[in-house]
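The sequence lines fix the lettering, A, B, ..., with proteins before strands; numbering per chain opens at 1. All values below were derived from every heavy atom in this structure, side-chain atoms included, with hydrogens, water molecules and symmetry-related copies excluded.
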Amino acid sequence: MSSASLEEFREEVHVWIEQTLPAELRVGLRKDLPKESRRRWISALAERGWIVPDWPVEYGGAGLDRKRAAIVKSELAAFRAPTIRGFGVSMLGPTLLEFGTDEQKREFLPPIARDEVQWCQGYSEPGAGSDLASLQTRAVREGDEYVITGQKIWTSYAHVADWIFCLVRTDPDAPKHDGITFILFPMKQPGVTVSPLKLIDGGADFSQVFFDGARAQAKHVVGPVGGGWTVAKRLLQHERTTDGSSEEGGITGAMKESLVDLVKREVGMEDGALADPTIRQRLAAQEMEKRALGLTMARAMAEARAGQATRDIGSLGKYRWASMVKNEQDIAMLALGTQGLGWSAPGFDERELERTKAWLTTRADSIWGGTNEVQLNVIAKRVLQIPE
Amino acid sequence: MSSASLEEFREEVHVWIEQTLPAELRVGLRKDLPKESRRRWISALAERGWIVPDWPVEYGGAGLDRKRAAIVKSELAAFRAPTIRGFGVSMLGPTLLEFGTDEQKREFLPPIARDEVQWCQGYSEPGAGSDLASLQTRAVREGDEYVITGQKIWTSYAHVADWIFCLVRTDPDAPKHDGITFILFPMKQPGVTVSPLKLIDGGADFSQVFFDGARAQAKHVVGPVGGGWTVAKRLLQHERTTDGSSEEGGITGAMKESLVDLVKREVGMEDGALADPTIRQRLAAQEMEKRALGLTMARAMAEARAGQATRDIGSLGKYRWASMVKNEQDIAMLALGTQGLGWSAPGFDERELERTKAWLTTRADSIWGGTNEVQLNVIAKRVLQIPE
Amino acid sequence: MALTLTEDQLILRDMARSFFDEKSPVERMRTLRDSRDTTGFSHELWKEMGKLGWIGIPFPEAVGGAELGYGELGVVLSECGRVLAPEPFVSTVLLGGNAVLLGGNEPLQKELLPDVCRGERLLSLAFHEHGRFAPHAVETGATRDGDGFRIRGEKRFVLDGHVADQIVTVARTAGGSGDRAGLTLFVVDADAAGLSVQRTELVDGRNAARVTFDDVTVDATRVLGEIDRGADVLDAVFDRATIGLCAEMVGTFEEAFERTLAYLKTREQFGVKIGTFQALRHRAAHMFGGLEFARSVVRDAQSAIDDGRGDVAECASAAKARCSEVANQIGAEAIQMHGGIGMTDEEEIGLFFKRLKAAELTLGDAIYHRNRFAGLRGY
Amino acid sequence: MALTLTEDQLILRDMARSFFDEKSPVERMRTLRDSRDTTGFSHELWKEMGKLGWIGIPFPEAVGGAELGYGELGVVLSECGRVLAPEPFVSTVLLGGNAVLLGGNEPLQKELLPDVCRGERLLSLAFHEHGRFAPHAVETGATRDGDGFRIRGEKRFVLDGHVADQIVTVARTAGGSGDRAGLTLFVVDADAAGLSVQRTELVDGRNAARVTFDDVTVDATRVLGEIDRGADVLDAVFDRATIGLCAEMVGTFEEAFERTLAYLKTREQFGVKIGTFQALRHRAAHMFGGLEFARSVVRDAQSAIDDGRGDVAECASAAKARCSEVANQIGAEAIQMHGGIGMTDEEEIGLFFKRLKAAELTLGDAIYHRNRFAGLRGY
């Protein structure tokens, strides 16, 4: 494939988006987009298969190769166009493409590619966090079905999800990792109860999900029965790939006011420098850390592309990212002082309240997606290969 | 015993020291004291049994109770009088009093109490540092003697010592802790070779000691054969008690220039504050830490005296002390900049060179006497009682 | 220097602990928060504490106090901190009460303090005008008006200002913002004309108000300390309040640490208790160090007040710099070691986490107090 | 932005590594130190490096250089750092050489640089007058004297000043100490009358001199850059030198880290390899993070020079702030994890430890560079 044809393709994509995407939607990830306009845009996108451009056409994708798919994504990003990034598109879809039966692919992929079905993830349990494989939710075979009993926690979007992909224990007597099965079933059924989980930041984006005789069809097991751990781990790799991009799109990027601006305003300037030299040092270190993290991730990707042997940087990136994101809010709190202690208006303005919430929300960044401790364990064991 | 009689005793001690101690010796721990004058003073002190005031009179002490012995020590300290703090007085003596046979006490204690015999300690080995009990120096019985082969390291004063108290393995087949014996033997004999160990600070206060068929008398085993571990641990407790006092007498206290003065001079003052606000923060934190450490040790002692149940603070104190002492020199290096990088004159003055050396010397404070890691382990296990 | 508790203090501690365990488990603080209780604490409980003599601890017997010391007050405050009791010790006793005690003449003391000691009068101190603690950065102005003064300005973070009967107000009678000279302290009644108080909701469930002074007139007899030299009183008030707040923090540290330690000993992952992981063990040891060192410097600071030592200011800053650091350390570790469950509102550890951050930033953070300490030490 | 090594750079790295492994194991540096070698490095080895074209990497072909970039120079410097080679890259190439390159007119460049590239001329830069890095704090004065200048003053820490053929000297022709304006750079011959050079011995085995200027006269043709505006050249020299020094440091980090990692994998205590202890594992992971992040920012800084980007100064400070921190971290952990054996002079890790501290404090510590970065970023 010549690079000329790639450039032509980019032009084609660009023109199509330019013509199709209404101006009011060119604003990036926001929750307050005009609904009807957004719906029409997503339909048009789905029509071209560009919600999942690299999926086969028969499953609702555009059947594009890696380079062309990347062009679609980068052009969409350049327009700050709304797109679909749910669990279906980013995690279950790729997993089904790899492990699903033809029947499963035909059944589940096209609705994902058209954004018609919302999925949620049933992984963590109260007793199975970092040690996910110790999960206890049971699935017992009854004819063509499995009957499911147990409890999941940290399930995002559970209250709006139509289906769940879920890890269940089908063989309690097998070794820990061998008794786990990856299964799909509908959320809207008797035996499934969703209970929102209020967090310390006041939000309730996660839920606990209780299964009391919920039913799944046996044909909706993905991969072998008892072979769910392999499927689950692979799916998490997709999650990690998605995570990588969250630096820009995450909570820090969405702030109404940058950290530097906030600190300048709150702490004040004297002779061209921040009035508090200690906070100045911390802010400079934070800016440097953010930049160094970006450079390190970029370098790792470039080295991987160049085939240069290097140590895997993934866990280090997650660890440092979590620390960096938390440190940003810690500095904001120092700069805000008691004005960072508000819970609600009046008395505290929007910029202050969003920092207080962000300070609380980001505490989770060193916990979700592999705790700091797990990342450090992984670095020591797999990256540095220090025998245990 | 009335407190009146204690006060009389203090007065008596005070008057005696006042009359006996020459003015030129009232200068604290220094190496450059006039020799003859010092010798006469130490003799006079030994004569009264006040080198080891709490030891029985028959072994060269003064047979004083705890309170009176403390009075002697505090009066001597008040005069900054030279005294003897070697391994014999502070470590072996108390251990022999507890574990030694009558014959051993008669043979070894009086010369210690008269400062006539120098002792050194044979504990660590190249392969047995934090894990002391894995020591490999072998002692094989031959008639009334043991024949010793092996190697010790970190032996202070080995080149001047007359005798060594040494941990040896008498039973290689017994469980690790059970094959160890505590034994005494002379250093000045064939089969003992002392090789000074040069350290990163340029000093050579420690040695390696090689035993190649060195001989010890069987009657000089302290405690049971194979029971040396118990004796060794008890002796280390005496070492720890001695350590506690080293805060004042240690390297930090002996500096020609205080850290605050050094930083003020090197960094400079502007408007009544240090010209570098970041170093100012670090210096303040360091001063606070030093003070907090002192308060914490004092509180622990006061609580122990008051019989108030509290968690043992010993390991925490050692850990924080080591960190504090190192941090002091780190700050000094920051303040000195490249003037802290000298190895010798010319080009660097005394105050600079002593800081450079101290920076290097103090790296050991988190290693000797139980590494930082060991102290933290002990806190977690014994103090916080977190099951392993 | 009283680094250990006396027999009497040990008895007081046991009494206070039983009292709070029974009447004020952490759950009570949550209920007050979630019900959006209009007071934000319990008047009844406060009066009971008055009857027990605890509110009056630092006040002279002549005004109904117990005339004890910060050693004793610290014992009670630590127990408050342990259960996150939101009663108005900081506002009424440490800030407002101390201002009247240290700056008020006899008539003012006799008028105000007996009710304070009984728990029947609430005070507050209005000084904050910015987010970061800067005690002399006051722009609220007081101008002469006949026999009195007219105050105009706005204050933030007036702790318990929504229920205070009197708000001791720091206003500028001379000089410019940041100047230590030119400040004057006034006792302003809550029902004064031109005064408006707006309650605000805080992250730790406590309450502070925005208070607006729209030409509030106040008589010259209501001045605490000397005109233009209010900072002499104010700085001493802040030292005592800071030390008291630190004592409360130590109680919060203790409880947050003990709960985290207990979690390490019970929570299982990978088939073992998570407390078996050495990295967590070492970090628990560090937390223990933070707690113990904080306890020492706070006890020392308390006795600096009680023994009339000359280094109270230094001790206050050493205590708050330390406690602010340790608040950060223990707060962060408590959440991290509790893992996901620590992120839920249901688990009480999060309440401790929030209170620790609030206390960290109240009356000056570690940076502020390290700078102040350095200044006091001459560098 | 060249974050990865090119094919050519990979080849250069392998060549340099073989060269240093063979000709300059760490033991060589120790021997030079212990023998109190009067030069302190090997003239022969330096000339060999000249023949290989490594000294000339950043210089134009017109003056005998290889006209390559800091990407390439960084590769060689990292390999030097890995074996602690004391050859005069910092003094002759990064400081003195860059001063002539960036400030010298054609005749001066043609006179001096070809020999530099061949390893047959050594340069140095005399700027330091205080312990802490403060590039404009210059009191050494240069006063007009006929067609030239007369220099009077004293410099410290003149790297390799004891063997330099020319000492580029920063002197004040106007203004007062600390002023950026009023500095002028002069090329002073080592044999100039009134110049005295006293070699000093450093903790890392390298060499710096005290240089005294006792009315040293220098011709106006020997000025680099413009009179009174020497800081324009000097600041650019420091940026490049800093970035080069950081590249050297990364090599030292790598080796110190790899040796410590190997020790964790082999040293046994309590019947197990000490690398099995989770606390040490986590700290090893932190060291790895320090190393990788340092590598990234240094590569970025190198390409900022090579690509002619506008943010070289920012990148230099980001690199040195980072490398100074990591030097502290890896140095401290290397000694601590080696335990007692790490305290012995015999074990080579101590040589790395010392070099890391020296590099940390050379050309500005982390505090200095964080402040500078903040200033460049406008806050």
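Residues D/Thr4 and A/Gln308 meet the side-chain proximity criterion, which asks for heavy atoms closer than 4.5 Å. Looking at heavy atoms from C-beta onward, A/Val263 lies out of side-chain contact with D/Tyr379 at the 4.5 angstrom threshold. When side chains are defined from C-beta on, A/Leu316 counts as touching D/Phe293, because their heavy atoms get closer than 4.5 Å. Between A/Thr296 and D/Arg295 the shortest side-chain heavy-atom distance does not fall below 4.5 Å. With a 4.5 Å cut-off on side-chain heavy atoms, D/Thr276 and A/Glu388 do not count as touching. Using a 4.5 Å heavy-atom cutoff, the side chains of D/Arg377 and A/Val260 are not in contact.
The 12-atom threshold is not exceeded at CZ of D/Arg229, counting heavy atoms of other residues, nucleotides or ligands nearer than 6.0 Å. More than 12 non-hydrogen atoms from other residues, nucleotides or ligands lie less than 6.0 angstrom from CZ of A/Arg265. The number of heavy atoms from other shown groups lying within 6.0 Å of NZ (A/Lys176) is above 12. In the displayed structure, A/Lys381 atom NZ is contacted under 6.0 Å by at most 12 heavy atoms of other residues, nucleotides or ligands.
Between A/Arg291 and D/Asp300, the shortest heavy-atom distance links the atoms NH2-OD2, 2.9 Å. The minimum heavy-atom distance linking A/Arg320 with D/Arg322 is given by the pair NH2-NH1, 3.1 Å. Heavy-atom minimum distance, D/Arg370 versus A/Ala284: O-CB, 3.5 Å. Closest heavy-atom contact between D/Leu3 and A/Arg299: O-CD, 3.4 Å. Counting all heavy atoms, side chain and backbone alike, D/Ser317 lies closest to A/Met288 at O-CE, 4.2 Å. Considering all non-hydrogen atoms of both residues, D/Leu261 and A/Arg311 come closest at CD2-NH2, 3.8 Å.
Interface summary for chain D: among A/Glu287, A/Lys264, A/Glu373, the most heavy-atom pairs under 4.5 angstrom belong to A/Glu287. Looking only at heavy-atom pairs under 4.5 Å with chain A, the residue among D/Val272, D/Leu264, D/Asn371 that has the most is D/Asn371. When each of A/Arg282, A/Arg305, A/Gln385 is scored by its heavy-atom pairs under 4.5 Å with chain D, the top score falls to A/Gln385. Options D/Glu7, D/Lys273, D/Arg283, D/His286 differ in how many heavy-atom pairs under 4.5 Å they form with chain A, and the most are formed by D/His286. Note: A/Leu283 leads A/Leu283, A/Asn372, A/Val267 in heavy-atom pairs under 4.5 Å with chain D.
Both the backbone and the side chain of A/Asn377 have a heavy atom closer than 4.5 Å to some heavy atom of chain D. For chain D, the nearby part of A/Met269 is the side chain; its heavy atoms alone come within less than 4.5 Å. Only the side chain of D/Gln278 has a heavy atom closer than 4.5 Å to any heavy atom of chain A. For chain D, the nearby part of A/Val383 is the side chain; its heavy atoms alone come within less than 4.5 Å. When heavy atoms are compared at a cutoff of 4.5 Å, D/Leu10 approaches chain A solely by way of its side chain, counted from C-beta outward.
A/Arg280 contributes no side-chain N or O that, together with a main-chain N or O of D/Ala374, makes up a donor-acceptor pair within less than 3.5 Å. A side-chain donor-acceptor contact under 3.5 Å links D/Arg281 to the backbone of A/Pro387. Using a distance-only test at 3.5 Å, with no hydrogens or angles considered, no donor-acceptor pair links the side chain of D/Glu292 to the main chain of A/Ile313.
Separating the NE2 atom in D/His282 from the CD atom in A/Gln375 is a distance of 10.0 Å, to the nearest 0.5 Å. Atoms CG and CE, from A/Leu384 and D/Met287 in turn, are 9.5 Å apart once rounded to the nearest 0.5 Å.
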**OP:** Decide yes or no on salt bridge (Lys or Arg N to Asp or Glu O under 4.0 Å) for A/Glu303 and D/Arg299, but give the supporting numbers first.
**Re:** CA-CA 13 Å; A/Glu303 284 175 343; D/Arg299 292 250 178 96; 3.4 Å; yes
Subject >> Derivation and outcome, side-chain contact (heavy atoms from CB on, under 4.5 Å), residues A/Leu376 and D/Phe288 >> reply: CA-CA 10 Å; A/Leu376 294 171; D/Phe288 170 66; over 6 Å; no
